[in-house]
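Structure first, commentary second.
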Amino acid sequence: MTNTQVAKQIFANHILLADGWAENVLMEIDGNGLISSIVKEQELPKNFVGDVIHGSIIPGMINNHSHAFQWAMAGLAEQSGTGNDSFWSWRKLMYDFVGKITPDDLEVIASALYMQMLKAGYTSVGEFHYLHHDLNGQHFANQAEMSQRIFKAAKKVGINTTLLPVFYRYSGFGDLAPNEGQKRFIHNQDEYAELLNQVAQLANDYQQNFGIAPHSLRAVNQNDITFVINHLDSLNSKAPVHIHIAEQLKEVDDCLGHTGMRPVEWLAHQQELNSRWCLVHSTHMTKSEVQTVANSDAVVSICTTTEANLGDGFFEMKSYIESGGQWGVGSDSHISVSATEELRWLEYQNRLMSHSRTIFTAGDFSSNGHWLWTNAAKGGAQSLNNNAGELSLGKKADFIELNNDCMALIGATDNQLIDAFIFNQQASDNISSVWVKGDKVVSAGEHLKQDPIVSDYKRLLCKLLR
């Protein structure tokens, strides 16, 4: 059901709209949380009963790749093992940790994580969710139990969510049988189709989005990918398709050995990549693959801090952007839950490789920060089939209010504010409030339900880490 009646009014002293910065803007928001009117250069109406926002407003960021359960182990895999540590040794530790998490635990973890995302400037999240079954690897009585807990957590904290249930069948190329650590992830085709049916209904019930996530080319085969896309189309032909791809050199080598092609090359050859696809990581691509993805209008999810933490490598950002590619950012394993840090280190990686500065801008004398923030937000929104990413008519009223009086932002104006927000890292007081679909969920830097969420999370971590 839609509600196009004006639900609230906001008067913004300084706001970044889709067509640029504006002052003294009266914005109306309908009952669905969509912007229904924008009028610039207004005087504050007499007897105004809406919200007056004094700090500068920018669009909320989109986090388009999250594994919520992994946040509870962030920072706990930094001790060396025997031999060289890598993604693959980290993955074993992750499997051991995930074996402990119950449905109640997942809801607590996701609630605390999503609260932190909101406080950090993310207003939407794509949850690449593969923790499906009970501790023994058996289906719950409610097959979508764990998926529903994600939706409940998102509703509790007030964040937009696109749930991407993961299809996972095998432990490696050639349909290798799954290992013990993967038992909570595994479905066959019919089981996954039923899960997706339930997720689609839950998304409708919770007024959120959904899509699919074939985990990776090593975890599903060609027939599986075609099957799940066809089933998704029967439910929603616009829903997104996300997949991990070309993250690790071993994955590239294994794919070459099994198919004779590199991962992105193989996927583009077997599937019609288009604007509904999101290729997560894509760390190791050739020039030809970069051009193929850019031309397809697919979005790449770049998870800079996780990719650095796992030693994945550097995404070919410069050549990808020069080819016109779309992109967004994700916090993935949540070693960092900071929209500004993902963007700052994406830029810094490329500065270090090119021995240059301000790599990504819209041209001479333009803002690095503005380019990073606005492009990541729009690409992320596309990847989640989310009507957000910029502040314009018909879009969700998802935005953050900057604290113009904090030390990092003092004296900055217009695009300088975003530059300083991303690159001038001082105390974490640069966000005053966060709004999702016109509702304030963070005020004075604190989430409105922060205390009970933090208390629950503390109790849970004490249990899990015993």
Please tell me whether [X] and [Y] form a close aromatic pair, meaning their ring centres lie under 6.0 Å apart.
X	Y	value
Phe185	His215	no
Trp71	Tyr457	yes
Phe315	Trp327	no
His54	His14	no

Compare all side-chain heavy atoms of [X] with those of [Y] and state whether any distance is below 4.5 angstrom.
X	Y	value
Leu409	Phe421	yes
Asp134	Glu145	no
Ile212	Phe167	no
Ile410	Asp405	no
Gln382	Ser275	yes
Phe210	Leu164	no
Val434	Ile431	yes
Phe69	Leu113	no

(request) Could you note down all residue pairs passing salt bridge (Lys or Arg N to Asp or Glu O under 4.0 Å) where residues 99-120 supplies at least one of them, sequence neighbours left out? (result) Asp104-Arg149, Asp105-Lys463, Glu107-Arg149, Glu107-Lys156
(request) Determine which pairs satisfy salt bridge (Lys or Arg N to Asp or Glu O under 4.0 Å) with at least one residue from residues 420-442, sequence neighbours left out, and list them in order. (result) Lys8-Asp439
(message) I need the Ser392 OG to Leu17 CG distance, nearest 0.5 Å.
(response) 8.5 Å
(request) Applying ring-ring contact (aromatic ring centres under 6.0 Å, His included), run through Tyr168 and His187 and close with a yes or a no. (result) CA-CA 6 Å; Tyr168 208 128; His187 288 101; over 10 Å; no
Ignoring hydrogens and geometry, is there a side-chain-to-backbone donor-acceptor pair from [X] to [Y] under 3.5 Å?
X	Y	value
Asn160	Val436	no
Arg184	His133	yes
Gln198	Leu195	no
Gln425	Ile422	yes
Arg459	Val454	no
Asp398	Ala388	no
Asn64	Gly380	no
Asn404	Gly55	no
Gln5	Gly31	no
Gln208	Ala203	no

(request) Start with the C-alpha gap between His334 and His65, add the side-chain angles, then the distance that decides, and say whether ring-ring contact (aromatic ring centres under 6.0 Å, His included) holds. (result) CA-CA 10 Å; His334 316 298; His65 190 65; 8.8 Å; no
(message) Looking at Arg276 and Asp233, is there a salt bridge between them, counting it only when a charged N and a carboxylate O are closer than 4.0 Å?
(response) yes
(message) With no hydrogens and no angle check, just 3.5 Å: does a side-chain donor-acceptor pair link Ser338 and Ser336?
(response) no
(message) What I want to check is whether the side chains of Ser367 and Asp419 have a donor and an acceptor closer together than 3.5 Å.
(response) yes
For atom [atom1] of [X], is the number of surrounding heavy atoms from other residues, nucleotides or ligands below 6.0 Å larger than 12?
X	atom1	result
Met353	CE	yes
Trp345	CH2	no
Lys318	NZ	no

(request) Could you tell me how the ring of Tyr130 sits relative to the ring of His67: parallel (under 30°), tilted (30 to 60°) or perpendicular (over 60°)? (result) perpendicular
(request) Take Glu342 and Thr305 through the side chain to side chain contact (heavy atoms under 4.5 Å, CB included) test and state the conclusion after the steps. (result) CA-CA 6 Å; Glu342 297 299 335; Thr305 57; 2.5 Å; yes
(request) Return the set of residues passing ring-ring contact (aromatic ring centres under 6.0 Å, His included) with His129 (not counting sequence neighbours), or none when no residue passes. (result) His132
